[in-house]
Structure formats: structure tokens, C-alpha cells
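Just below is one structure, and these are the notes that go with it.
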Amino acid sequence: MQTKPGNVSRLLSQLNESATLAMARLSRELAQQGQPIVSLSLGEPDFNTPEFIKDAAKQALDDNITHYPPVNGILEVRQAIAKKFKRDNNLDYSPDQIVISTGAKQAIANTIYALVNPGDEVIMPSPFWVSYAEMVRLVGGVPVMLPASVEHDFKITADQLANAINEKTKLIIYSSPCNPTGSVYSRAELEAFAEVIQRKEELYVISDEIYEHINFGERTTSIASIGNMIERTITVNGVSKAFAMTGWRIGFIGAPKWIADACNKMQGQITSGANSIAQMATKAAMEADPEVIQPMIETFRKRRDLVFGLLSEIPGLKINKPEGAFYFFPDVSSYFGKRNGDTVIENATDLSMYLLKTEYVALVTGDAFGDPNCIRISYATSEDILQEALKRIARGLATLK
Ligand code: PMP
Ligand code: GLU
């Protein structure tokens, strides 16, 4: 029996659903109904978790590591993460500066809850990852988007940042490599940001480095490794992307101890420690030589090149060449105002729905990422599927006049 729905809280009614998850759900439902869906909607590697990581989880079960873990994470796992931060990012975090959470998503949410007061401004270069703005709004903070277009490789400048900072600014949040654009900030660009940020007291940075390893250019830089930025930076990372562990739900931060303590307190009231078995699997991932994931990264690079070539052949799209992550974010605005019969394409949401309904290819509207001129294509899938999807996109767009 269906009960009559009541009223959800005002807070929840103001919250937008995650557009990436919504599109993934819709495409799953259509596929279940028998529609020939090709989905490039979700940012999730198609690989399976490496065997050595699964073995560590099996061992953890056999060792009965099945009790409540400490809220901030099992000590030996935090120690392994501290070593990873030193090895890969030249960052000195002690284990008590690390908090392990249920995905990088929770790690980011904890931090925003821990730092942002109602009315505080949180700067995010736009396009930005879908959940940042919603998380900020949930605590009454004000997202301040700094636009960066495809012509500038979707990157903001230090001047833009300097002009946006005022006495209400509390936090800056960005991902590099970036979801949804694949852009990567160079060390020089981050040094310029650091110089601007260090001019203001009480200004913090969430550096979301979840795509650190999925990077085709120079090694990425952690902004916390520049000057005194470690005192103001919350470095976010996790295992979902590089180790193909999206379902294990482990992410973490390295942060100044007072911020780590605040996140620990927050998490202690909401979820407690993250899954103990998944934490032990994470330890194996952290201790492994990053070389073990190189074959996956090489595959992503080949796919990037394939999709870049295919997108370049489609008239009217503007694209950058992403240096990392596994997304393209084409500007599709030249199709706005075009039509097929009665269907008129006014914006990127219309276009993504049109491609879903006519060609059964699932993409995510750029609206959700702060850029209504673009659509996001996730290429974390096989070359055959990518060929088919790009053929459909080209065919669908060609029907618009
Ligand atoms: N940050 C970015 C930029 C992401 O794309 C994602 C998506 N997975 C996350 C954080 C959250 O990752 P997790 O799966 O570890 O929660
Ligand atoms: N972060 C991934 C994406 O952007 C997974 C979905 C989500 O967590 O929102 O598609």
C-alpha cells in the first residue's frame, strides 16, 4: 500500500537532486524497459577493482576486522594514507590529520559543514562538480561561481580569484584534474592562486584531487605543497576513480588538525567510521606502487584520444583537450534555437533529453555543473561503446536544423 506523501523539510525541498546520479538512474530504468541505451552519464571506471585489493578485503574478513572502526579511520590505514601523501604529493600529514570517510563525497561534505557559516561565500571555478554548490547551500553558505569558458581551457585566472575574494569569503573549492572538464591546473597557476589566497586571513581551500592519477600530462601539484598553504588546505582524495573502487565508498582528507578534528566530530554524529573491510582494502591500494594502475591510465588516454578525434569531426562543437579525469565537456550552444519538427532545442538540458529520446544516448546537462552551454560526456567505458555513442551523437545532432 502506498502512503500519502507528507511534507519534506524546507531544507530538503530546496536541495537539487544530483544530476549525474539522476541521469544514471534514468538511463538504467530505460535500459530495464528494453531501450537500447548507451550511457556516458556516470563518472565511474568500467574496470573491476584489482585482485590484490580484493584479496586484502578478503583477508580483513578472515581477520575479523568487522567491528566498529575508530570514527576517523583505522590507524594503520591512516598511516598508509599519510605515506601516500608524502610519496605522491610531498605533503606532511600525520595520521591524526587524516579522516577517512564514506567516499570523497562525505569527506567534502564534512569539511563544508565544519567550516562554512550561513552567509559565508564559497568560491568555485565554474564549471564545478555537481555536489559542491548543493552542499554549500545546505549549510546556508553562498556559492560564488567564477566562470571559465572552453576558450580558456575552462580555467580561471589568479586575477579573477583576487577580484572575487571579499570579507565574506571563507572557502575556495575546485577539482584538478577537473570533473567535468578534464582541465588540470599547472604548478605555476596554483602558485599564483596561493599568492592571492595567502593575502587573506581565515580563507581555506578544498583541493579535490580524486582524479590525481588519471592525468595524461605532467604530474599534478597539490596546492598544499606550495608555501604555507598546508595550513589552509583540505586535500581530498580517495580510491573510487584511480583504483576502480566506486562501490567500496572510501575517500579521505589530509587537513590541519583542528579541521580534521572538526570533521571527526561531524562524522561521529552522522555515520561513524567508514566500512572497516573497505578501509583495509584501501590500505592495500595506498601501499601499492602507483605503477600498478598505469595500464588503466593508458587505456583512459587512448579513449580520450579516440573521443577527441570523433568529437572534432562533429560540426558546431567547441571542445578543449582534457589533460586528466575521464570527461569531455563540449560547448553545444551552436545548436540552440535549432529544431526537429516540433522539438526546439533551447538549452543543454533540452539537447541531452533530445539525444536520450531519439538516439538513446545518456549524457549529463552542463547546467548541473554551472555551464548551461555544455554537456558532459564520460568516456570511462569501452572503445566499442564510445564509437557507438559518438556515432549516435553525431547522427542526432545532424537531424537538428
Ligand atoms: N569529487 C569529484 C570531483 C568527483 O567526480 C567525485 C565523483 N565520484 C567525488 C568527489 C566523489 O567521489 P566518491 O565516489 O569517493 O564519493
Ligand atoms: N562523481 C561521479 C560523477 O560525477 C559519480 C556521481 C556522483 O557521485 O555524483 O559522475
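Each ligand, and each atom within it, is numbered from 1 in the order the structure gives. No hydrogens, no waters, no symmetry mates; every other heavy atom, side chains included, goes into these values. It should be emphasised that the depicted structure is a prediction, and the values quoted were computed from it without experimental measurement.
Put simply, no part of Ser131 is less than 4.0 Å from ligand 2, judged by heavy atoms. Using a 4.0 angstrom heavy-atom cutoff, Lys105 counts as in contact with ligand 2.
Protein heavy atom closest to atom 5 (C) of ligand 2, with residue, atom name and distance, is Leu42 CD1, 3.9 Å.
Of all non-hydrogen atoms in His213 and Asp88, the two that sit nearest each other are CE1-OD2, 3.7 Å.
Using a 4.0 Å cut-off between charged nitrogen and carboxylate oxygen, Arg219 and Glu212 count as a salt-bridge pair. A salt bridge links Lys257 to Asp261: one of the charged nitrogens lies within less than 4.0 Å of a carboxylate oxygen. Note on Lys302 versus Glu298: no salt bridge recorded, every NZ/NE/NH1/NH2 to OD/OE distance being 4.0 Å or above.
Residue Ser18 approaches ligand 2 through these ligand atoms, each under 4.0 Å from one of its heavy atoms: 9 (O). Close approach of ligand 2 to Lys241 is summarised as follows: ligand atoms under 4.0 Å from at least one heavy atom of the residue are 1 (N), 2 (C). Ligand-side atoms of ligand 2 in range of Thr20: 3 (C), 4 (O), 6 (C), 7 (C), 9 (O), 10 (O), range being under 4.0 angstrom from any heavy atom. Taking every non-hydrogen atom of Arg376 and a distance limit under 4.0 Å, the qualifying atoms of ligand 2 come out as 3 (C), 4 (O), 10 (O). Near Trp129, meaning under 4.0 Å from one of its heavy atoms, ligand 2 places the atoms 1 (N), 4 (O), 7 (C), 8 (O), 9 (O).
Counting only residues at least two apart or in different chains, ring-ring contact (aromatic ring centres under 6.0 Å, His included) contacts with residues 17-75 comprise Phe47-Phe300.
Taking the six-membered ring where the residue is Trp, Tyr379 and Phe328 present tilted rings, their angle falling between 30° and 60°.
Every N/O-N/O distance between Leu21 and ligand 2 stays at or above 3.5 Å. In terms of polar-atom proximity, Asn179 is counted as a contact of ligand 2, with an N or O under 3.5 Å from an N or O of the ligand.
Heavy-atom contacts from other residues, nucleotides or ligands closer than 6.0 Å to NZ of Lys338 number more than 12. For NZ of Lys391, the number of neighbouring non-hydrogen atoms (other residues, nucleotides, ligands) closer than 6.0 Å is 12 at most.
Using modelled atom types and a 3.5 Å distance limit, the side chains of Gln97 and Ser94 yield a donor-acceptor pair. Side chains of Ser18 and Thr20: a donor-acceptor N/O pair is present below 3.5 angstrom, by distance only.
In Thr246, neither the side chain nor the backbone holds a heavy atom less than 4.0 Å from any atom of ligand 2.
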Show me a pair-per-line table, with atom names and distances to 0.1 Å, of protein N or O atoms that are under 3.5 Å from an N or O of ligand 1.
residue  : atom   : partner : partner atom : Å
ligand 1 : 1 (N)  : Asp208  : OD2          : 2.6
ligand 1 : 5 (O)  : Asn179  : ND2          : 2.7
ligand 1 : 5 (O)  : Tyr211  : OH           : 2.7
ligand 1 : 8 (N)  : Lys241  : NZ           : 2.6
ligand 1 : 14 (O) : Ser240  : OG           : 2.9
ligand 1 : 14 (O) : Arg249  : NH1          : 2.9
ligand 1 : 15 (O) : Ala104  : N            : 2.7
ligand 1 : 15 (O) : Ser240  : OG           : 3.0
ligand 1 : 16 (O) : Ala104  : N            : 3.1
ligand 1 : 16 (O) : Lys105  : N            : 3.0
ligand 1 : 16 (O) : Arg249  : NH2          : 2.8

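When Leu115, Ile108, Ile112 are each tested for a side-chain contact (heavy atoms from CB on, under 4.5 Å) with Ile234, only one passes: Leu115.
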